[in-house]
S.K.: 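Mind having a look at this structure? Questions to follow.
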Amino acid sequence: MQLEIGQAQQRTNIAWIIIVASGVVAGLHIWKLSPALGIIRDELGFSLFFSGVLLGVVQVAGMVGGLAVSLISEVISQRRTFLVGLLLLVIGSALGALSSNAFALLATRIIEGAGVIMATVMGPGLVRLHAPLKTMNMAVGWWAAYMGLATFIGVFSTALALQHLPWHLWWAILSCVSLIPIPLILKFVPADSPPGSSAVRMATSRIAATARSPQVWVSGLIFGCYTVQWMAVVGFLPTIYAEFGLSAVAGGLASAVVGGLNAVGAIICGALLHRGLNGRTLLFTGFGLMALTSVLTFAVNYPAGLLWVQMLGVGMFSLGGAAIPTTLTRIVVDLAPPGGSAPAAMGLAQQIFNIGNFTGPMLLAAMVSWTGGWNSTWRLTLLFAALGSLLTLRLSRKNSPFATSP
């Protein structure tokens with residue numbers, strides 16, 4: 001009880017704002033690669049399929065380590081786990097700057113992936129722990145926006161920087177940027193007290209109870225149905241725009257705007273949740289908009305003069321899709337069963353989330369290689385939008401988390 005009171009007294013806006021900003025910094029390491037792919041492919045020499053692997057491999061640690069990260073946080077605390085994640089990003093990006101071949105770069109992306117999963121699994125719990133109750137949904141909405149913000153900043157800044165700097169130096173700069181949040185977290189985000197190493201068995205029991213919850217699995221699968229689409233489309237946007245004849249800076253800016261619209265959508269959806277809109281409605285709306293706008297974007301061969309229609313379509317794809325991570329971030333931690341663990345619920349959902357991030361670019365690259373063009377993209381997005389809608393229906397049928405979600 002004393003711990004709960006202490007944590008309630010520690011709720012400040014500055015704490016959750018720093019956590020969200022740190023999440024954005026972590027996300028930069030995912031999105032620095034996308035606009036740099038053309039340059040790196042020319043220098044290191046690898047295929048389009050290997051490009052998809054590079055884009056997705058940063059999620060490998062998340063695919064297998066979400067529950068492990070949850071266990072670590074139960075022992076050393078959520079804040080310390082978050083800080084370790086940032087340090088891994090510093091190390092991974094620094095080593096990436098020294099990479100001289102594709103496989104060395106691939107290895108450093110895996111290190112960065114471990115850092116990203118530590119930050120992204122801990123972020124929602126830390127936001128909920130430190131955000132004032134009256135601004136909780138708004139804070140959660142901003143956390144859900146971290147990826148869109150990271151996409152906007154990462155894609156555009158990288159496209160602009162690589163006009164003047166070698167990519168190795170840009171990797172080193174981003175390594176230094178990742179150091180900045182660490183002293184801010186130590187100063188403004190109060191420490192949370194973990195049970196300690198003596199409670200590992202108890203923590204393992206809570207995580208096992210969570211892993212047996214069907215609702216947590218279904219929510220994670222819904223998450224994956226979103227990320228497999230979003231990462232595939234947005235990850236290859238600079239490449240798609242380059243093939244349409246846009247310059248690296250113009251293509252980077254257009255792709256960055258698409259990512260920024262995802263952040264705008266997440267913030268809007270956080271406000272709608274705060275006003276009491278049902279999360280199920282937001283999920284159905286998100287998947288419906290992703291299906292409709294992806295068909296509008298990719299199923300039609302637009303002439304050069306109507307390229308703006310395709311840009312508008314993919315922008316709405318990103319904006320509307322933001323309803324899905326915002327809603328799920330809000331409800332997943334409430335799905336932990338009695339005797340379960342909220343960080344474990346988020347960790348399991350993040351594992352499936354990252355499977356979508358990892359497989360999305362590779363699935364799209366394989367489909368494009370097979371069909372010979374980007375026009376087939378809508379088939380992939382339509383399939384997963386339909387599957388996500390069916391899973392949402394399943395989640396809302398029995399013991400619905402939407403019934404009690406504010």
Side-chain angles (χ1 to χ4, degrees), residues 1 3-4 7-8 62-78 81-82 117-118 120-131 133 136-137 139-140 143-144 192-227 273 278-280 282-283 324-356 387-406:
M1 179 63 71
L3 176 60
E4 291 178 358
Q7 289 175 347
M63 290 168 55
V64 299
L67 290 178
V69 168
S70 302
L71 179 59
I72 292 171
S73 72
E74 294 274 2
V75 176
I76 70 171
S77 84
Q78 294 184 69
T81 305
F82 196 88
I117 190 62
M118 285 186 158
T120 55
V121 170
M122 295 301 104
L126 287 170
V127 167
R128 288 170 62 89
L129 183 62
H130 296 295
L133 297 179
M136 179 68 70
N137 281 323
V140 169
W143 173 262
D192 52 303
S193 301
S197 58
S198 60
V200 171
R201 181 176 297 179
M202 186 180 299
T204 304
S205 175
R206 287 197 296 270
I207 291 172
T210 304
R212 289 192 295 268
S213 169
Q215 283 189 307
V216 176
W217 280 95
V218 172
S219 66
L221 288 170
I222 295 171
F223 234 145
C225 287
Y226 160 76
T227 56
L273 285 171
N278 189 278
R280 177 176 52 191
L282 283 174
L283 289 178
I324 300 163
T326 306
T327 303
L328 291 172
T329 300
R330 175 64 187 84
I331 69 170
V332 163
V333 289
D334 294 328
L335 291 177
S341 163
M346 181 56 69
L348 180 56
Q350 285 282 347
Q351 285 194 195
I352 305 173
F353 170 101
N354 282 292
I355 290 173
L387 181 57
S389 297
L390 290 173
L391 289 168
T392 299
L393 191 62
R394 164 67 177 80
L395 186 65
S396 62
R397 278 182 176 173
K398 185 178 180 181
N399 299 323
S400 172
F402 307 116
T404 55
S405 180

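Computed from a predicted structure; not experimentally measured. Basis for what follows: all heavy atoms, side chains included, without hydrogens, waters or symmetry-related copies.
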S.K.: Could you note down all residue pairs passing ring pair (Phe, Tyr, Trp, His ring centres under 6.0 Å) where residues 330-350 supplies at least one of them, sequence neighbours left out?
M.R.: none
S.K.: Apply ring pair (Phe, Tyr, Trp, His ring centres under 6.0 Å) to F82 and list each qualifying residue two or more places apart in sequence or on a separate chain.
M.R.: none
S.K.: Restricting to non-hydrogen atoms, name the atom on M136 and the atom on R128 that form the minimum distance, rounded to 0.1 Å.
M.R.: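 Closest approach of M136 to R128: CE-O, 3.2 Å.
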S.K.: Can a donor-acceptor pair be found, under 3.5 Å and without considering hydrogens, that links the side chain of T329 to the backbone of T326?
M.R.: no
S.K.: Roughly how far, to the nearest 0.5 Å, is CG of L395 from CG of L391?
M.R.: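 The distance works out to 8.5 Å.
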S.K.: Quick check: closest heavy atoms across G279 and L273, and the distance to 0.1 Å?
M.R.: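 Closest approach of G279 to L273, heavy atoms only: CA-CD2, 4.2 Å.
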S.K.: Where is the tightest heavy-atom contact between S73 and M122, given as atom of each residue plus distance?
M.R.: CB-SD, 3.3 Å
S.K.: In chain order, what residues pass the side-chain contact (heavy atoms from CB on, under 4.5 Å) check against P337, with sequence neighbours excluded?
M.R.: T210, S213
S.K.: Looking at residues at least two apart in the chain, or sitting in another chain, which of them share a side-chain contact (heavy atoms from CB on, under 4.5 Å) with L328?
M.R.: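 Applying side-chain contact (heavy atoms from CB on, under 4.5 Å) to L328 gives S219, I222, F223, L283, I324, I331, V332.
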S.K.: Hey, what do you get for CG (L282) to OG1 (T327), rounding to the nearest 0.5 Å?
M.R.: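 So the CG of L282 and the OG1 of T327 are separated by 4.0 Å.
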S.K.: Drop me the distance from Q78's CD to L126's CG, to the nearest 0.5 angstrom.
M.R.: 5.0 Å
S.K.: Report the residues that fulfil side-chain contact (heavy atoms from CB on, under 4.5 Å) with I72, sequence neighbours left out, ordered by chain and then residue number.
M.R.: I76, T81, M118
